[in-house]
Amino acid sequence: MDASTRYASLQVFIVDDSEYMRRLLKMMLRAFGVGTIDCVDGAQMAMRQLRSDMPDLLVTDWMMGGMTGIDLVRRIRRGEDSLNPFLPIVMITGHANKKRIAEARDAGVNEFLAKPVAPIDVAGRLEEVVQRPRNFVRSDAYFGPDRRRHQIDTKRADRRGLAPIYTTPEQIGAFVEELRERMAQGPVARIADATPAEGELAQMAATE
Amino acid sequence: MREAPEIQWEDETAPRLDADALARAAAITAILREEYPALAAPAVNELRQCWTAINTLIRHRNLVAARDRDRFYRLAHDIKGHGGSYGYPLVSAAAASLCGLIRARNLRDAAVRDLVTRHIAAIDQLVAEHIEGDGGLRGRAILAAIGLEDRAMRIADTQTKPAAAAPV
């Protein structure tokens, strides 16, 4: 499948308070064949829009007036009002230092784009998100795409709980309910329930 | 809380794009560069007007309203953000320097005000004269006038190398 048709059925949602950046990103995504592109100028507006829309990818700026992009990511991933915690997210920022990248990653961002944004970088992130989706990981402290990019040889068991990839609205809705129930429980109960590998986490909970 | 894995700075997993995607990217870059001056002119104008208002207040009452300063910073920050993305890195460099002045320096100081005014004039010139990419000698001269010649040299250097984007 060539680049002009690969993303034809894709719906991308752009959140940026700069009209110039919205225009730029829209133009780039359109040129790469993305079928539907919607834009809003703020994170609050994005949350409202996400109640009725189910985009395939969200591209957000970090620094915006009012609610920031990183707050938006956290709310989508772990917020009680989030309807799609699995939504792939690309974060854009002009301050691409190591601390910020780590913060974005730990908030559950899939990909990170530093300004200036070049078309080739946008194409690369699009390709990465669409062609090679990462499994989602849930633990007591983190929910989001698997943060490990590399396979590392280790003698220890993999202690991450891998969430299956849900595709239907019913599956996603059921998982959101499950997340809410987990969040309503106490911290010990959450640890005991957090898909332990070889009983390690359950042991930790029992000793607390 | 369990430690997250170390950030990998070398992206072994960087996607390989096909020739069609690369050609599209190059075409988009050319279009963006062409249309930027017309697009950016209103933003530069708004920046200048905002500064005129701040300057007037300083001259008459020797004060800077926090709201005006925030708006001024926001306008400069926006230009910093989009200049480079549209292929005008010198515009971004001048705007970034202006952001630093607005945040860290006393705008009531006459020397700082003069420097701010020259920054706005430099941004205006870069946009009006379509000084894209590394800007050549003209671009370097404009940045040198606001003390950013080194920055212009670094931009010229990076323009010849592909930028590496850090993965998450």
Side-chain angles (χ1 to χ4, degrees), chain A residues 2-4 6 16-21 23-25 27-28 30-33 61 63 65 90-94 96-98 101-102 104-106 109-129 131-132 139-142 145 147-150 152 159-160, chain B residues 1-32 35-36 39-40 42-43 70-71 74-75 77-89 91-93 95-96 99 155 158 162-168:
Chain A
D2 71 13
S4 59
R6 191 181 300 159
D16 200 312
D17 59 351
S18 163
E19 188 191 332
Y20 297 91
M21 290 307 293
R23 184 187 168 95
L24 175 100
L25 291 166
M27 194 170 166
M28 289 182 186
R30 194 177 290 148
F32 286 115
D61 188 29
M63 189 178 161
V90 175
M91 172 69 81
I92 298 177
T93 181
N97 54 47
K98 195 172 178 177
I101 294 171
R105 180 196 60 180
D106 293 344
V109 158
N110 293 64
E111 299 290 332
F112 195 86
L113 257 177
K115 287 181 189 171
V117 178
I120 200 78
D121 295 331
V122 172
R125 296 301 178 270
L126 201 59
E127 187 79 359
E128 189 71 11
V129 166
Q131 301 297 327
R132 298 200 304 180
S139 71
D140 196 34
Y142 175 75
R147 292 174 288 185
R148 295 199 307 194
R149 295 273 193 165
H150 307 267
I152 302 166
R159 298 192 301 178
R160 295 169 302 161
Chain B
M1 179 176 167
R2 196 177 304 155
E3 284 288 308
E6 273 293 298
I7 292 172
Q8 304 291 333
W9 289 93
E10 283 187 29
D11 193 0
E12 296 167 12
T13 61
R16 289 181 184 170
L17 298 171
D18 57 32
D20 182 46
L22 291 168
R24 279 165 187 265
I28 299 161
T29 304
I31 295 166
L32 292 173
E35 72 168 23
Y36 184 68
L39 271 177
D70 287 349
R71 181 165 170 259
R74 185 107 204 126
L75 292 169
H77 187 269
D78 273 357
I79 293 173
K80 175 194 156 200
H82 54 67
S85 298
Y86 278 85
Y88 288 71
V91 171
S92 275
C99 284
I155 288 170
T158 55
V168 174

So, taking the atom named [atom1] in [X] and the one named [atom2] in [Y], what distance separates them when rounded to the nearest 0.5 Å?
X: R23(A); Y: S85(B); atom1: CZ; atom2: OG; answer: 14.0 Å
X: M27(A); Y: I28(B); atom1: CE; atom2: CD1; answer: 7.0 Å
X: S18(A); Y: K80(B); atom1: OG; atom2: NZ; answer: 12.5 Å
X: T29(B); Y: M28(A); atom1: OG1; atom2: CE; answer: 6.5 Å

Check: [Y] and [X] side chains under 4.5 Å, non-hydrogen atoms:
X: I79(B); Y: Y20(A); answer: no
X: E19(A); Y: L39(B); answer: no
X: L24(A); Y: H82(B); answer: no

Among A96(B), P89(B), G87(B), G81(B), residue most engaged with chain A (heavy-atom pairs, under 4.5 Å):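 Maximum pair count with chain A is reached by G81(B).
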Chain A contacts, top residue of A27(B), G83(B), A40(B), A26(B) (heavy-atom pairs, under 4.5 Å):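 Sorted descending by pairs with chain A, the first entry is A40(B).
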Identify which part of M91(A) has an atom lying under 4.5 Å from any heavy atom of chain B, answering side chain, backbone, both or neither.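 Neither the backbone nor the side chain of M91(A) comes within 4.5 Å of chain B.
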Please state whether the side chain, the backbone, both or neither of D17(A) comes within less than 4.5 Å of a heavy atom of chain B.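 D17(A) touches chain B through side-chain heavy atoms alone.
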Contact class of A43(B) relative to chain A, heavy atoms under 4.5 angstrom: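 Both parts, backbone and side chain.
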Please flag which part of S92(B) lies under 4.5 Å from any non-hydrogen atom of chain A: side chain, backbone, both or neither.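 For S92(B), neither part sits under 4.5 Å from chain A.
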